[in-house]
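FYI, side chains are in, hydrogens and waters are out, and symmetry mates aren't considered; it's all heavy atoms of this structure.
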Amino acid sequence: MLETTIREQLKSKDILLMTHIVIGYPSLEDSYQIVKAMVEAGVDLMELQIPFSEPIADGPVILRANQEALATGITVEQCLDFAERVSREFDIPFLFMTYYNILFKYGVAKFAAAMAERGLKGAIVPDLPPEEAGDYLRAMAANGLDPIFILAPNSPDYRLKLIAENAGGFVYCVARKGVTGAHTEFSRDLDAYLARCRQATELPLALGFGVGSREDVEFLKGKADIAVVGSQAIRVFDRDGVEAVGTFLKGLR
């Protein structure tokens, strides 16, 4: 299971790196080359986002990537095939990240089975709360997949615990209210929030939304188990290309 893999990796690393790509941005072949560069740079696990027209948790950088991927005609089946290709070729865990409408339209049980067949380890579905996730949780469990749920700093302690009780693999702690890609203040408030998350679950903690520098990753050591880098890697790619993405990621730790 994903939790076991993460804990094994943490025996030799202070903190893990998880990156995020939007499948099909700017093309499927470019997406593959970005994944390859990220793996070669030493990332430990990766989110593969299935493009969606209304990605409500995502800021302008990832929103634009979703829109441009959709404009090329990318399909869910192509995303599944892409995930199978990279999960077979690269020896790190891959997760899907997308929104519930994709699963609902495809069929939740069918989607979970397709994920398992293609070697994925779990999924992040930001707009699906645990109270409405019964079909999803059953389908994920039946296929040996981990449901990654999201904790937020404005959630009361009882809510953090409820969400975490339904999670598997790890929990994804968003660093602040709002969407991806905006500036995050890494401060004592974040320390206190992560301490609350530790109280809510024994699962590993990932921290995302605003991680973009070596200083950010250093700040998170000893507080979180996984630093999540998304929008900043896309910015680097847009500005300087695939090779620069690998250089950027190597410089984070």
Side-chain angles (χ1 to χ4, degrees), residues 1-10 13 16-52 55 62 65-66 69 72 74-100 102-103 106-126 136-137 139-149 167-172 203-204 206 208 225-230 233-234 237 242 245-246 249:
M1 297 293 283
L2 186 55
E3 180 185 357
T4 301
T5 301
I6 290 168
R7 295 207 182 280
E8 282 298 313
Q9 291 173 314
L10 287 168
K13 297 179 181 180
L16 307 186
L17 286 181
M18 181 167 79
T19 49
H20 176 113
I21 72 150
V22 177
I23 302 173
Y25 174 76
S27 71
L28 281 170
E29 184 55 32
D30 285 318
S31 294
Y32 173 81
Q33 294 301 328
I34 294 168
V35 170
K36 185 172 184 287
M38 288 177 166
V39 174
E40 290 175 351
V43 305
D44 302 289
L45 59 167
M46 195 179 305
E47 299 175 61
L48 307 174
Q49 182 167 1
I50 300 175
F52 182 56
I62 296 179
N66 273 260
T72 71
I74 190 78
T75 66
V76 173
E77 287 298 334
Q78 285 178 306
C79 291
L80 286 163
D81 291 343
F82 180 90
E84 181 172 27
R85 180 186 181 189
V86 297
S87 67
R88 302 296 183 224
E89 186 165 338
F90 301 114
D91 190 25
I92 67 168
F94 288 93
L95 313 167
F96 266 148
M97 180 271 177
T98 195
Y99 294 86
Y100 187 63
I102 298 289
L103 282 70
Y106 195 90
V108 175
K110 180 182 173 185
F111 188 83
M115 287 174 55
E117 288 168 5
R118 288 160 174 82
L120 290 148
K121 303 303 181 185
I124 303 168
V125 187
Y136 168 72
L137 289 170
M140 295 291 276
N143 288 280
L145 299 169
D146 284 312
I148 313 302
F149 279 97
F170 64 93
V171 293
Y172 190 128
L203 289 171
D225 302 297
I226 304 165
V228 185
V229 183
I234 295 176
F237 169 79
V242 173
V245 173
L249 292 170

Pairs touching residues 111-122 that satisfy side-chain hydrogen bond (donor to acceptor under 3.5 Å, both in side chains), sequence neighbours left out: none
Walk me through whether Y32 and E89 qualify under side chain to side chain contact (heavy atoms under 4.5 Å, CB included). CA-CA 11 Å; Y32 173 81; E89 186 165 338; 2.3 Å; yes
Rounding to 0.5 Å, atoms CD1 (I74) and OG (S27) come to a distance of 9.0 Å
Which pairs pass salt bridge (Lys or Arg N to Asp or Glu O under 4.0 Å) with one or both residues in residues 18-32, sequence neighbours excluded? E29-R85
Out of N143, L120, L103, which residue meets the side-chain contact (heavy atoms from CB on, under 4.5 Å) rule with M115? L120
The reported gap from CZ in F90 to CD in E40 (rounded to nearest 0.5 angstrom) is 7.0 Å
Where do L249 and M38 land on the side chain to side chain contact (heavy atoms under 4.5 Å, CB included) test, with the steps shown first? CA-CA 7 Å; L249 292 170; M38 288 177 166; 3.5 Å; yes
Identify the two heavy atoms, one from A83 and one from F96, that lie closest to each other, and give their separation to 0.1 Å. CB-CZ, 3.6 Å
The reported gap from CG in L45 to CG in L2 (rounded to nearest 0.5 angstrom) is 6.5 Å
Atom pair CD1 (I6) and CD1 (I226), whose distance is rounded to the nearest 0.5 Å: 4.0 Å
For V43 against I92, the heavy-atom pair lying closest together: O-CG2, 3.7 Å
Would you list the atom pairs, donor with acceptor, under 3.5 Å between side chains in residues 18-26 and any protein atom, with sequence neighbours excluded?
from, atom 1, to, atom 2, distance (Å)
H20, ND1, E47, OE1, 3.2
H20, NE2, Q49, OE1, 2.6
Y25, OH, R64, NH1, 2.9
Y25, OH, D238, OD1, 2.6
Y25, OH, D238, OD2, 3.4

Work out which heavy atom in M97 is nearest to a heavy atom in P126; give both atom names and the distance. CE-CG, 3.5 Å
Indicate yes or no: at least one non-hydrogen side-chain atom of R7 is less than 4.5 angstrom from one of F170. no
Heavy-atom closest pair, residues V228 and A206: CG2-CB, 3.9 Å
Minimum heavy-atom distance F149-A167, with the two atoms named: CD1-CA, 3.8 Å
Check: D146 and E3 side chains under 4.5 Å, non-hydrogen atoms: no
Quick check for you: to the nearest 0.5 Å, what is the distance between L16 atom CG and D225 atom CG? 7.0 Å
Measure across I102 and P51 and return the closest heavy-atom pair with its distance rounded to 0.1 Å. CD1-O, 4.0 Å
For a 4.5 angstrom cut-off between non-hydrogen side-chain atoms, does F52 reach I50? no
